[in-house]
Each structure stands twice: as structure tokens, then as C-alpha cells.
Number of protein chains: 2
Amino acid sequence: MESRIERLCIERGLKMTGQRRVIARVLSDAADHPDVEELYRRASALDRRISIATVYRTVRLLEEQGILARRDFGGGRARYEPSEHGHHHHLIDVDTGRVIEFEDPEHERVLAAIAARLGFDLVSYRLTLFGRRPGARTAAARPGTSADRPARPPSAAEAGR
Amino acid sequence: MESRIERLCIERGLKMTGQRRVIARVLSDAADHPDVEELYRRASALDRRISIATVYRTVRLLEEQGILARRDFGGGRARYEPSEHGHHHHLIDVDTGRVIEFEDPEHERVLAAIAARLGFDLVSYRLTLFGRRPGARTAAARPGTSADRPARPPSAAEAGR
DNA sequence: TTAGGTGCAAAGAGTTTGCTCGTAT
DNA sequence: ATACGAGCAAACTCTTTGCACCTAA
């Protein structure tokens, strides 16, 4: 059956190759925030004749089309999720790399007001929390660890399931 | 004279080589968020015998010591600022790449509460706004552009003065 | 004296791209 | 038929590292 993202591609008049169809399905089925390597793994499992270059080209295309959203949770690799997925933010478990989504509609207004005070229209923003389950080992809680670049999750491949 | 960051290095018992002293001075004097290449440029201007590998090694060391904070404003390169610089956030002008700092102490509480509701202790967070000066050209305002990975600023080298 | 730092060039990781061949429309 | 997509490998960008030499303490 036709996946949701495949349908969006067709609506926009994109040529639907076998590879693109498979990648569209993988993305439609993903409930997480996979990186390119993980997408490649899942797509390959469905159809061996897919190269990682095609995955890169496809996610870039879909991002340009507004179908996919690229996320950066640190660790140096881009991660993707369907963008018609509601406006939400992410909390990263610093011990496991797991990503939890949450909403907070109120923020939009507050942040637009802050931008306005600085003389800007708010175009977009990113709000990402890094947290730890109470009781989890305190790991390398380096005091100076940047809020913008937390300790790398245990494994980049493991993160974000 | 001894720069602020050099003093911090000495307090922590780090060996102070000529190169390190120069990089410490450049960082102490920086009022912006330079990337490694920019730091290298500024340090080289003061002392030609500094290699970019040393800059990379030094910022990494200083980050581990909690003296420097690494930031990620998109665009694929890490940027640095002294960490004892107060808790603040950043607004990026999407047209020029310029970084504006702002404070909003109230956020900390709200975000800690959100984390708690999800069952986490807040370790850190990042809040970055992307904005445009009213009247600026609308550029490539792709509708799908991700809040976590805005359009690349005009020039990575230009950004963040 | 010697643990640790530095320069250089090579290696890595993630991502993009040139070229040729293949295929959806 | 033909414009566009795919595979492969090379190229690119940012960052790290191995090794021989150097220097602060």
C-alpha cells in the first residue's frame, strides 16, 4: 500500500522510483528520529539495491519539499522525522540517548515576544532539553559541559529509538 | 599582561606554553562566538608558529576544564565562548548569521518543570532563536525549513562577529 | 630530566558530487 | 524519447591522531 510520504511525493509531482518508494515507506513507518545510516539500514533490509548516496539525496530532497524535518541532537549526525508531526520539542536522556517528545504551545508566544524585544521577527527556534532520570548514575557530570553540546550519548547509533 | 583564561589555566595546573598563552588571550579578548578557523586566524596574527591542530587540541582541553563552552549554531562547525559568561541564550539572524545574546532567567524554572513532568531532572538545555529583521529580504523562506537546522548563514566565516 | 605539548601530514566521520548508466513518465 | 534518478567512487569539510621533535616545570 501507498505510504503517507509516498503520497506527498506524488502530490508534488516527484518521480517515484523503487528506491524512493522504499525510503518513503521507511520514513512513514519510523516512530523515532533515525539518522541517515539507520535509514539506510532499514531501507536496505527491504530492498538491497539502495545506496547510501540515494538516501542522502532523498532526505535532502524531502527536507527541501518540507516533508521531512532535519534535527540536530548533537553527536555530529543529522536526524530526521516527518515534519507534519505537530510542533513539538525534544528531551534527550543524556544517559541513554533516548529522545522524548513534548509539546508546549505557550512557548511560541513567549519566544516571539523575546525576539520582538530584540528587534526581530521570530523565524523558528529550537528548544532541546537534556535530562536524566532521577537515580541514574551521575556519569561524567562535568560542570562545564555546554548546554549546547552535552556529553555524547553512549552510542550515536543507539540514540533516538 | 596575564589574560583571564591564562589565569584559569594556571590555577588548574596546566602547562603554559607560548601557543597556549596566545590562544588564551585570543579567547579572553573575544566578545563573539568564533569557530576554530577564526580562532586560528586571530592566534596566527599574534604568533605565526601556531598550528590549527593546536587550536583544536586547546579548545578541547579548555572545554573539558569547563573554561570554554562549545556551541552549535548549525552550519556544521563548533563555536566557542568563555563559559563564565552568565547564563544566556542566542538569537541568530538568519540573513546575516549574526548572533545576539539574551537572557531569560524565567525559562530555567519552566523547563525544569517540563522535564519533571516527563520524569527527568533537567541537566541542561539549549534554546536558540532564529529571526529576521523586519524588512529584510525574505531570502529562501522554504516553508519546511527545520527549526533545528535553519538555512545556512551567508558565509560560515562571516557569522558570529 | 621528563611528562606533556606541538607541527605536520595522514586518517576519520559525515556528507556531497561527477560521471555514466538506468528508468519513470 | 528524454528528463531525471541511482550507483559508485572520489572529493569535501570539519576534526582527530600518530609520530618525531621540543619545552615548561
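Chain A is the first sequence line, chain B the second, and so forth, proteins listed ahead of strands; every chain is numbered from 1.
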| query | Does A:D104 have any side chain to side chain donor-acceptor pair (under 3.5 Å) partners at least two apart in sequence or in another chain, and if so, which? | reply | A:H107
| message | List the residues meeting salt bridge (Lys or Arg N to Asp or Glu O under 4.0 Å) with A:R12, not counting sequence neighbours, and say none if there are none. | response | none
| Atom-pair distance (CZ on B:R12; P on C:dG4), nearest Å | 18 Å
| field | B:E2: partners by side chain to side chain donor-acceptor pair (under 3.5 Å), with sequence neighbours left out | value | none
| Can you tell me how far C1' of D:dT15 sits from CD of B:E38, to the nearest Å? | 18 Å
| remark: Those residues at least two apart in sequence (or on a different chain) that pass side chain to side chain donor-acceptor pair (under 3.5 Å) with A:R57 are none
| request: Quick one: list whatever passes ring pair (Phe, Tyr, Trp, His ring centres under 6.0 Å) with A:H89, sequence neighbours left out. | output: A:H87, A:F102, A:Y125
| query | B:Q19 CD to D:dA24 P: how many Å, rounded? | reply | 9 Å
| task | Would you mind telling me which of C:dT15, D:dC4, C:dG5 lies closest to the side-chain atoms of B:R20? | result | C:dG5
| query | Which comes earlier along DNA chain D counting from the 5' end, the contact point of B:V36 or that of B:L14, where each point is its nearest nucleotide? | reply | B:V36
| task | Give the rounded distance in Å between these two atoms: CD of A:E64 and P of D:dC4. | result | 15 Å
| Of the residues in residues 44-59 of chain B, which ones touch DNA chain D at a heavy-atom distance under 4.0 Å? | B:A53, B:Y56, B:R57
| Below 4.0 Å: OP1/OP2 of D:dC4 and any side-chain N or O of A:T17 | no
| query | Tell me: OH of B:Y40 to P of C:dT6, nearest whole Å? | reply | 14 Å
| Please give, in whole Å, the distance from C:dA13 P to A:R79 CZ? | 19 Å
| query | Under a 4.5 Å cut-off applied to non-hydrogen side-chain atoms, are B:R133 and B:D93 in contact? | reply | yes
| task | Figure out the CZ/P separation between A:R21 and C:dA24, and round it to whole Å. | result | 8 Å
| task | Check every atom of D:dA24, D:dC4, D:dT16 against the side chain of A:K15 and return the nucleotide holding the closest atom. | result | D:dC4
| field | Nearest-Å distance for atom pair CD/C1', residues B:E6 and C:dG5 | value | 16 Å
| request: Inspect the contact between A:R60 and A:E63 and indicate whether a charged nitrogen and a carboxylate oxygen are less than 4.0 angstrom apart. | output: no
